[in-house]
Protein chains: 2
Amino acid sequence: MPPTATTPLGSRDKLFAAAAAEFAAHGFAGANVDRIARAAAVNKAMIYYHFESKAKLYRQILCDMFHAVGERVRIVAGSDGTPEDKIRGFVEAIASEAEARPHFPPIWFREVAEGGTHVDEEVARDLSGIVQMLAGIIQEGVGAGRFQPVNPMLVHGGIIAPVMMFFASKGLRERLDQSGARIPHLERQQVVEHIQRVTLGVLEGKLS
Amino acid sequence: MPPTATTPLGSRDKLFAAAAAEFAAHGFAGANVDRIARAAAVNKAMIYYHFESKAKLYRQILCDMFHAVGERVRIVAGSDGTPEDKIRGFVEAIASEAEARPHFPPIWFREVAEGGTHVDEEVARDLSGIVQMLAGIIQEGVGAGRFQPVNPMLVHGGIIAPVMMFFASKGLRERLDQSGARIPHLERQQVVEHIQRVTLGVLEGKLS
DNA sequence: GTCTATAAATAGATAGAC
DNA sequence: GTCTATCTATTTATAGAC
């Protein structure tokens, strides 16, 4: 049972949240269970009581992350809007999931860098499901004569990569700012709208 | 003196190459100096002889990486092609640097995820220099009446993110393939040309 | 469910011979 | 420049009391 306004966070949930932040900031290998326990204000032994090991805890977080994104995308793909609406909805879904779980973009970047070492069958299904659903939206648009056929992986990369990069690089951009680098500022809404427009432009064949 | 066809790799260069691969695969914290030494077929103590510490070795690799990319981009920005040529050249430069140094995309993703913890002043200069040069190319195109003014960071993210993602996710895509996920295949050239076309479309105002 | 104390393994780093 | 042996700190994990 997830915590609500009336049920305070139990030790399990507090550890889960602290671990997500720790893994995002330091990666799997760099994450420290003592630090997780301290941040959660829960005894370290509780990690092993609830999650069995650092690795299983990490996998749990990965699973939760991609399951949530998959569900969110499923709603968009299954809605009754136009293909254009669904593309916009897909971009917005990824962005708002990234915002709701700040650990999502950094953990995903690290997982990509690591070649998906920790990606088990369940996560793999969620991941490919997301691509399949995007491919379905494109197919729908093509069938309706509104989209050009474009390799779904090109479209996928054109959305996921910059959205994740925007959120994951927040810390680095601030750091560069303080180093005196005059990097133009970016706003969330600006980025989302840009990617929506570009993706639709690609699919509607405005670039040829 | 860098190694050439006639000068075989010294222990320093062998360690450098092995370390780059190790950091790419496991991250800074996850990298293991014993493994680096073994992969380089060089004694572990030589790491400390040549580089002083694991951290300094890592910074050296970061520096080298961004310095090379910066130089490459400088050549493109300073060439005498049209702004369109330079945009295409910029994309190609990033892609071919990523290909020449397979450790570049994964290390960069990890560094972004970590908020640039290991980014020192020198690397910060190279990084912001790359953005400035891209901004300069855009400005040039705007001045010539060929480009619309677009926030350089939007353009930058639209290039760097998907190019890095394409190269960094190679291992993960293979992994998903073997998990039975039917993910469409992507070819390097296809990706580069797509991003070139999209970026020019954005700058030439084809999307409004 | 929670906590203390500690086992057991790993890994960064160095001394010192050659 | 290279190598062996080793020191030391860190860290995952568990046993066992409450």
Side-chain angles (χ1 to χ4, degrees), chain A residues 1-4 6-63 103 107 110-111 114 117-118 120, chain B residues 1-4 6-63 103 107 110-111 114 117-118 120:
Chain A
M1 187 173 60
T4 65
T6 47
T7 42
L9 278 89
S11 63
R12 198 195 137 96
D13 296 303
K14 285 194 284 190
L15 285 170
F16 193 93
E22 174 77 7
F23 286 128
H26 304 286
F28 177 73
N32 181 301
V33 294
D34 282 278
R35 214 154 39 199
I36 292 172
R38 209 173 327 125
V42 168
N43 192 278
K44 177 171 66 155
M46 296 304 287
I47 290 176
Y48 300 93
Y49 175 76
H50 284 301
F51 301 99
E52 202 169 341
S53 72
K54 178 183 169 182
K56 295 237 173 97
L57 168 56
Y58 180 74
R59 269 168 219 257
Q60 196 72 34
I61 290 170
L62 262 196
C63 257
H103 58 275
I107 289 181
R110 290 184 194 273
E111 205 49 51
E114 209 146 325
T117 317
H118 306 272
D120 58 18
Chain B
M1 186 173 60
T4 66
T6 47
T7 41
L9 277 90
S11 62
R12 197 195 138 96
D13 297 302
K14 285 194 283 190
L15 285 170
F16 192 93
E22 174 78 6
F23 286 127
H26 304 285
F28 176 72
N32 181 302
V33 294
D34 284 276
R35 214 153 40 199
I36 292 172
R38 210 175 325 128
V42 167
N43 191 280
K44 177 171 69 154
M46 297 303 288
I47 290 176
Y48 300 92
Y49 175 75
H50 284 301
F51 301 99
E52 203 170 339
S53 73
K54 178 184 171 182
K56 295 237 175 96
L57 168 56
Y58 179 75
R59 269 167 218 257
Q60 196 71 36
I61 291 170
L62 262 197
C63 258
H103 59 273
I107 289 181
R110 290 184 193 274
E111 206 49 51
E114 209 147 325
T117 318
H118 306 271
D120 58 18

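Every chain is numbered from 1 and lettered A, B, ... according to where its sequence line falls, protein lines coming before strand lines. Heavy atoms only: backbone and side chains are in, while hydrogens, waters and symmetry mates are out.
- Here the straight-line distance linking atom CZ of B:Arg12 with atom CG of B:Leu57 works out to 8.5 Å at 0.5 Å rounding.
- Straight-line distance from the OH atom of B:Tyr48 to the P atom of D:dT2: 17 Å, rounded to whole Å.
- The structure places NZ of A:Lys44 at 8.0 Å from CD1 of A:Ile47, a figure rounded to the nearest 0.5 Å.
- Within the 4.5 Å cutoff, the side chain of B:Tyr49 has no heavy atoms near those of the B:Asn43 side chain.
- One atom, CE of B:Met46, and another, C1' of C:dC18, lie 13 Å apart when rounded to the nearest Å.
- If you take NZ of B:Lys44 and P of C:dA15, they are 14 Å apart, rounded to a whole angstrom.
- Atom P of nucleotide D:dT12 and atom CZ of A:Phe51 are separated by 15 Å, given to the nearest angstrom.
- Atom NE2 of A:His26 is separated from atom P of D:dT11 by 11 Å (rounded to the nearest Å).
- Ring geometry for A:Phe16 versus A:Phe51: interplanar angle of 30 to 60°, hence tilted.
- A:Asn32 comes within contact range of the sugar-phosphate backbone alone, with a heavy-atom separation under 4.0 Å but no base atom that close.
- Atom-to-atom, CG of B:Asp13 to P of D:dT2 comes out at 11 Å; the value is rounded to the nearest Å.
- With the nearest nucleotide of DNA chain D identified for both A:Ala45 and A:Gly30, A:Gly30 has the one nearer the 5' end.
- Using a 4.0 Å heavy-atom cutoff across all strands shown, A:Ala55 reaches no nucleic acid atom at all.
- The distance from atom OH of A:Tyr49 to atom P of C:dC3 is 13 Å, rounded to the nearest whole Å.
- Using a 30° and 60° split on the angle between ring planes, B:Phe28 and B:His118 fall in the tilted class, from 30° to 60°.
- Comparing C:dA11, C:dG1, C:dC3 against the side chain of A:Asn43 picks out C:dC3 as the nearest.
- Side-chain proximity of A:Lys54 to C:dC3, D:dT12, D:dT4: nearest is D:dT12.
- Backbone-only engagement by B:Ala31 is indicated by non-hydrogen atom pairs under 4.0 Å involving sugar-phosphate atoms exclusively.
- Rounded to a whole Å, the CD atom of A:Glu52 is 13 Å from the C1' atom of D:dT14.
- Checking the phosphate oxygens (OP1, OP2) of D:dT2, a side-chain nitrogen or oxygen of B:Ser11 falls inside 4.0 Å.
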